[in-house]
Amino acid sequence: MLFNVKAFYVFFIITMIASMAAVGLGVGSAGGKPEPPPLIDETVAPSVTPAVMQFDRPAPVIDGTKPHSALIKTNKGDIKIQMVTDAPEAVNGFTFLARKNFYDGLAIYYLDHSYVAQGGDPNCAPDSEQICTGFGDPGYSIQIEQTAAGHEQWSVAFPAVSQAGRVHGSQFRVYFEADERLDGKETVFGKVVEGQSVLENAADLQICTALNQPTDTCVDNYDTALIIEDVTVD
C-alpha cells in the first residue's frame, strides 16, 4: 500500500511541476552560484501525510518587532539565530511552528557549502514513511516582508513560493555565501550568530526528492544529515 501511495504521489508531483511555476531563487546561475532544489506552491495538492501538522495560518504567539533569538538543537550541535525586528510575520510564523514542535525530527535535506543549507520540509525526516518531496509545507504561506538585512553570509530566510508576494511557511535557508541577487525576493528573518561550525562541519547533502530524481549526486538516506531535534525561541 505504501508503495502505491508513493508511486501516485510522485506521478502527481510530476504533473504539478509541468503545470505550476517552480519556486526557488528566481534567478539563473549567474555568478557561478548553484541553485538549491526549487520549491512549489502546493496549495491544491491532496494530503498524503496525515501525521504532518497542517494549519490555516500561524496564530500570533510572539511580538516579532522585538529582539528574539532561536536555538536550533541538532544531532551535531546547537545553532543560534538572532531574529530581525522588521519581519514580524516571519518571526512569529517560525516561533509558532517551533512551539508546535513542527521542526522536531526534520532533516536539513539539502546542504551545499558553496551556497545554502535548507530544511523545514515536514516529509524530510529519517523516520518518515513518505518521500522527501522537497516542497512540503505547514499548510500555508506568508506575506513577503522587506527587511533591512540582505542575503549576507549566515542569513536565514524563508524562500519565495510561486504565489506572488508570498514566502514559504516552514522551509528556511541558511546562506553560506552572500547573494544580493535575492535581496527583496525572500524574507530574511535572522542570522546565525552561534554554531556556524555545526553547519560548516556537516557534509554536503542532497536527499533525492521527486523534484531531482534521478541524479548522480542525490542520496536516499539521512546517514550524514543534520537532524533538528528541537527549536526554541526566547
Side-chain angles (χ1 to χ4, degrees), residues 2 5-6 8-17 19-24 26 36-62 64 70 72 81 83 87-110 118-145 156-174 185-190 207 209-211 227-233:
L2 179 60
V5 172
K6 287 186 176 181
F8 170 78
Y9 197 23
V10 170
F11 175 78
F12 182 84
I13 293 168
I14 293 172
T15 302
M16 291 295 293
I17 293 171
S19 60
M20 299 179 67
V23 176
L39 304 176
I40 294 177
D41 187 7
E42 256 267 288
T43 56
V44 298
S47 173
V48 296
T49 316
V52 172
M53 289 181 283
Q54 296 280 285
F55 309 94
D56 292 331
R57 63 183 63 84
V61 295
I62 199 170
I72 301 178
I81 298 172
M83 308 283 211
E89 285 195 46
V91 171
N92 179 76
F94 187 79
T95 304
F96 169 77
L97 293 177
R99 293 183 178 179
K100 292 291 185 180
N101 299 317
F102 181 93
Y103 291 111
D104 297 4
L106 302 188
I108 302 299
Y109 70 89
Y110 181 90
Q118 183 161 325
D121 183 332
N123 295 305
C124 299
D127 59 354
S128 175
E129 293 184 343
Q130 308 300 328
I131 59 173
C132 177
T133 65
F135 59 82
D137 60 38
Y140 62 81
S141 60
I142 60 177
Q143 188 69 33
I144 190 172
E145 295 169 279
V156 185
F158 281 137
V161 296
S162 58
Q163 187 178 359
R166 310 288 289 182
V167 294
H168 207 280
S170 64
Q171 292 204 39
F172 61 92
R173 293 172 177 165
V174 179
K185 298 179 181 179
E186 301 181 334
T187 297
V188 175
F189 66 92
I207 295 293
T209 71
L211 298 181
I227 307 297
I228 299 171
E229 297 178 341
D230 183 56
V231 180
T232 57
V233 179

Legend entry - Test item: Ser128 side-chain N/O and Cys124 main-chain N/O as donor-acceptor pair under 3.5 Å: no
Legend entry - Centroid-centroid distance, Phe102 to Phe96, less than 6.0 Å: no
Inset, instruction - Nearest 0.5 Å please: distance from the CG atom of Leu97 over to the CE atom of Met53. - result: 7.5 Å
Inset, instruction - Please answer whether the main-chain N or O of Ile62 pairs with a side-chain N or O of Thr95 as donor and acceptor at a distance below 3.5 Å. - result: no
Legend entry - Close side-chain approach of Pro88 and Glu145, heavy atoms under 4.5 Å: yes
Inset, instruction - Please determine, by modelled atom types, if Tyr109 and Gln171 share a side-chain donor-acceptor pair under 3.5 angstrom. - result: yes
Inset, instruction - For residues Ile228 and Ile108, determine if any side-chain heavy atom of one lies less than 4.5 Å from a side-chain heavy atom of the other. - result: yes
Inset, instruction - State, with a plain yes or no, whether a side-chain heavy atom of Arg166 is found less than 4.5 Å away from one of Ile144. - result: no
Inset, instruction - Indicate yes or no: at least one non-hydrogen side-chain atom of Asn123 is less than 4.5 angstrom from one of Ile131. - result: no
Inset, instruction - Verify, without hydrogens or angle tests, whether Asp230 (side chain) and Ile72 (backbone) share a donor-acceptor contact under 3.5 angstrom. - result: no
Inset, instruction - Could you tell me whether a side-chain N or O of Gln118 sits under 3.5 Å from a main-chain N or O of Val174, the two making a donor and an acceptor? - result: no
Legend entry - Side-chain donor/acceptor of Glu186 to backbone N/O of Arg173, under 3.5 Å: no
Inset, instruction - Write down the atom of Phe189, the atom of Ala157, and the distance for their closest heavy-atom approach. - result: CE2-C, 3.8 Å
Inset, instruction - Kindly assign one of parallel, tilted or perpendicular to the pair Phe94 and Phe172, based on the angle between their ring planes and the thresholds 30° and 60°. - result: perpendicular
Legend entry - Non-hydrogen atoms of Val231 and Tyr103 that approach each other most closely: CG2-CB, 3.8 Å
